[in-house]
Structure formats: C-alpha cells, structure tokens
Amino acid sequence: MLHPDDIGPTPWAPLPPLPGHVSRGRLERVLRRGEFAVTAEINPPDSADPDEIEHRVKPFEGWVDAINATDGSGAHCHMSSIAVSALLIRMGYSPVTQISCRDHNRIAIQGNVLGAAALGVANILCLTGDGVQAGDHPQAKPVFDLDSIALLHTIRMMRDEGRFLSGRRITGPPQVFVGAAENPFAPPHDFRPLRLAKKIAAGAQFIQTQYCYDIPMMARFMARARDLGLPERCFILAGCGPLASARAAKWIRANVPGVHIPDAVIARLEGARDQRAEGKRLCVEIIQQLQAMPGIACVHLMAYKQEESIAEIVHASGVLRGRTPWRRDLVAHMQAVETQGAA
Amino acid sequence: MRATDAFPAHGVAQRPLPRRSLRRWSVRHARALARLYAGFARALRAADPLFARIGYARLERPVAAVERAVKTTLFDCRMCGQCVLSATGLACPMNCPKGLRNGPCGGVRDDGHCEVHPDMPCVWVEAHAGAARMGTLMRLSEAQPPIDHRRAGASSWLQAARADAAP
C-alpha cells in the first residue's frame, strides 16, 4: 500500500507540496516519516537507447524508494545522470541525480541544477568525483572547480536564498533534497566524522556511504557521528552490495577507488562452494546489521551486474518490514479504485 | 580504427613538482614552522604602513617572486593566491590532484596514499597529522570557499599584511 502523501496526480508529476519538506519527491517523505528506506543505483548505459534504462531498472521496481543515476562513475563515459534521471521520472521512478565536480565548472553545474529540477529531479547527490586516471579517458582535463562541500553550499544557496553563487537572483529556485557521500572506511579515519559534520553544515540532508564490508569500522564511525549529534541532522544511507566472487572482491579492492574489503570477507567467499550465493548471504547479513545500528535511516544498494538479485536480497533481509515502495501497478490499482469511487 | 588510436593516451599523469621530501619535512615540523610563520605574519601586519607607502601594486611582483621561492621550497606551494596553509596543518591542499581544500575525497587508499598517485601520501592525511601537531585540528572543520582562479600567482603575504591590518 502506498502512503497517501506519496501519491501525485500522475506517477511522473511532482508530489503536492508538504510542510517541512524541501522537495516534492518520494524519498524525502519516506525518510522524514521514519520508515527504513532502501535505495539503489544504476550505471547509465553506453547507449542513446532509452529502453536500456527501463530494462536496467525493472528489477528494482517495488523494492527501492529511489534510484541513483551515477554521473560518470569511475571516470568512465556513460549517458549523463540528468538525462537518465529525466527518463526515470517519465517512467514514474524517483531518481537521485548525481553531480560530480570532476567534469563541470561552477557555471555549468548551476545551470545543470536548474535544468534537472525543471525536469522533475527532486534529489541531488553532490560528489567530488573519481579522478580521471581511473577511467577510460585518463588524458582528460580534471575540472574540480568546486569541491563537494562548495557544491552543497552552492545548491543550498540556490534553493533557500534563490541566488546563484555570484549573488544573481534566481526567479524559480530548485526544490531539491540535497545529499553527499562519505567514506567511513578511508583514512584519515579520525577526520571522517568531522568531515561528515562539515558536509551537513554545508547543506547535506542525506549522506550515502561507500560500500560497507567492515561492520566494526562502520560501528565506530556511527558511534562518533552520534556523539556529534549528526544522525539527528541528516539521514544516513549506508552503502552495501553483493560481491560476485572472491576474485571480483580482490579486483574491486585493487581497482575501485575507496572500497575497503577486509581479508576476512575475501576468505569467507573463497571458502564457499557457491561464491555468488555466499556473496548475497553476506550482503543480507550486512544489511540486517546496518539496520540494527542506531542512526542509520536507509540502506543504499549497489549491485553492478547483479541488479536482478536486488529483490531477492531486500526480501531476504526483511528491511522493508512488509512495506512496498512505489510500483506502477500499485498506482494503477489505486487510480482504478478512485475512479470507481467517483462513479 | 578506434578514436584512441588516432589520439593516443599520454599514459599516467606526470606530477610537475617531484620535491615531496621537503614538503613532508615541513608537515612533520608543522608545530615549529607554524610558530615561525605566526611571527612572520605579525611582522607582515606591522609592515602594512610601510607597504602602503611604497604601494602594494608596486610590491606585488617582487614579493610574489620571493613568496613563490620560499613556499615552493617548503610546501610545494602552487601560488593559488589565497593561502590556507595555517588551516590545513601546513600541508598545501593544492597538491591534491583534485585541488580539494575542504578535506580528503573518498578515494584515499588503505595505506593513506592518494587515489590518483599511489606513491604519494594523501595531502589530507598529512594535513590531519600536521594539524594535530599544531593543535589546530578544529581549523580543518572550517569551510573554505571555492577558489578564485583570478588570484593565481598573486602574493598571499601582501594580502595578509593588508587584510588583517584593516580593522
């Protein structure tokens, strides 16, 4: 059953404004109601064919509250995050648009924020971005005109003060729920909770963490964050995802910037007869441990090339506690009931 | 033919300044250097009337040249023209390949080295260590505004002499 606040005139239209909310999207409402949320992420296609996006997100429907469209993740070229988000909105999904500081300067970024909001984007994630050396165009010019904190500050200024960074007035400010990323597993570890606080002070309303495979390290980070009173000031979305095999885990650890996978995890996968199934089991256990950790509002699932296993993992973990996130047939059903009632 | 064959990649990016040993020495001795630097800043502020009499515009080029020489040697300074060394544990954030002035990115390796240059310690891991030595860890939490690219190459010393003397 969909919550009445989450139903708009059409699945693709912004929801009616609600007091205490900055955006007109579903994700902010689910989080503010205190429901444990699930978000996921797709890597946009290397294609101009919109059907490929529909095909990729289909397995998420009814299992996740929002879908991130990554912005050139790993510094690889793909369809743009804003275009993917606009296509997802047209289908009825709630996207989280990612903006990385690597590829655009402050002029382009602010223009994109206005454009994205005009297309119906309700959630924006502000990222520094992976270095160009990690991608398929290492000879590209890294821009990094803003950093993630300056980007958060900029979007908040655009939304709340109705001004560009230059001070020039915006006639229709972007109504967006703004987030950022944090990596609790990268050095300097003592500084990470303070950096989280810095991001919240700059305007972050939700925080997505890097993949969590190290529960004790995450628990230490969260304990420090709670000491600083941070979970009351922003929603923490803990990242996780299934590892396909021990070999894949080793490859990710060596090649994907910022992913910390303890040796014990790799040993556990190596010892399993069916490594893929063990990877999913491990992911389910991590999700359950994250949900039990005070201050975590949501799990953010990143399952590259294992998108079809999302439903199985979310179901097995029981994190939704029987709740069903938006699904197009639910809306169709409700509209049918309404029409009948009116007749 | 693939486009990459026509425009071959240049391979791994070259770091323009390979003088990291002294930069690291400076961070290791951040406490003493910071005290020296604070004294120097006071001297700069005291010199404001003198500088004003000579004319800041006339001083810009020679002072910037001296500043470049000193700070490049000690900190691998990139002359961004808006120095934040005192707020970053004396580790110059412009040495970060992403030019991050507000803290480390999420790509720092488990050994504390840079995501882009695996042989280089992360500037912000050093900044954290330097700030701990200086007792200025809280200053890392100050939000730094986005850089003003017009100031590249300008003297931060003259700026400090002038700005702080104003009130």
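Both backbone and side-chain heavy atoms feed into the values below; hydrogens, waters and symmetry mates do not. Below, read A as the first sequence line, B as the second, and so on, with proteins coming before strands; counting in each chain starts at 1.
Using a 4.5 Å cut-off between non-hydrogen atoms, the part of residues 127-138 of chain B that approaches chain A consists of B:H128.
B:K98 contributes no side-chain N or O that, together with a main-chain N or O of A:F144, makes up a donor-acceptor pair within less than 3.5 Å. With A:R163 contributing its side chain and A:M157 its backbone, the two residues share no donor-acceptor pair below 3.5 Å. In this structure, B:Q144 contributes its side chain and B:V84 its backbone to no donor-acceptor pair below 3.5 Å. A:Q205 places a side-chain N or O within 3.5 Å of a backbone atom of A:V178 that can act as its donor or acceptor partner.
Within a 6.0 Å radius of CZ in A:R106, other residues, nucleotides and ligands contribute more than 12 heavy atoms. Residue-environment remark: CZ (A:R247) stays at or below the threshold of 12 foreign heavy atoms within 6.0 Å. With a 6.0 Å radius and a threshold of 12 heavy atoms from other residues, nucleotides or ligands, B:R151 has its CZ atom above the threshold.
Looking only at heavy-atom pairs under 4.5 Å with chain A, the residue among B:A143, B:C122, B:C105, B:G112 that has the most is B:C105. Interface remark: of the candidates A:G129, A:G258, A:P187, A:P187 forms the most heavy-atom pairs closer than 4.5 Å to chain B. Highest contact tally toward chain B, considering only A:R253, A:R102, A:K199, A:R195, is held by A:R195 [criterion: heavy-atom pairs under 4.5 Å]. Contacts with chain B were tallied for A:L194, A:D130, A:L146; A:D130 has the most, counting heavy-atom pairs under 4.5 Å.
Only the side chain of A:L165 comes within contact range of chain B, with at least one heavy atom under 4.5 Å from a heavy atom of that chain. In this structure, chain A has no heavy atom under 4.5 Å from any part of B:H113. Residue B:P104 touches chain A through both its backbone and its side chain, counting heavy-atom pairs closer than 4.5 Å.
Geometrically, B:R162 engages B:Y56 in a cation-pi contact defined by less than 6.0 Å to the ring centre and at most 45° from the axis.
Taking the six-membered ring where tryptophan is involved, the planes of A:H260 and A:F185 are essentially parallel, since the angle between them stays under 30° and well short of 60°.
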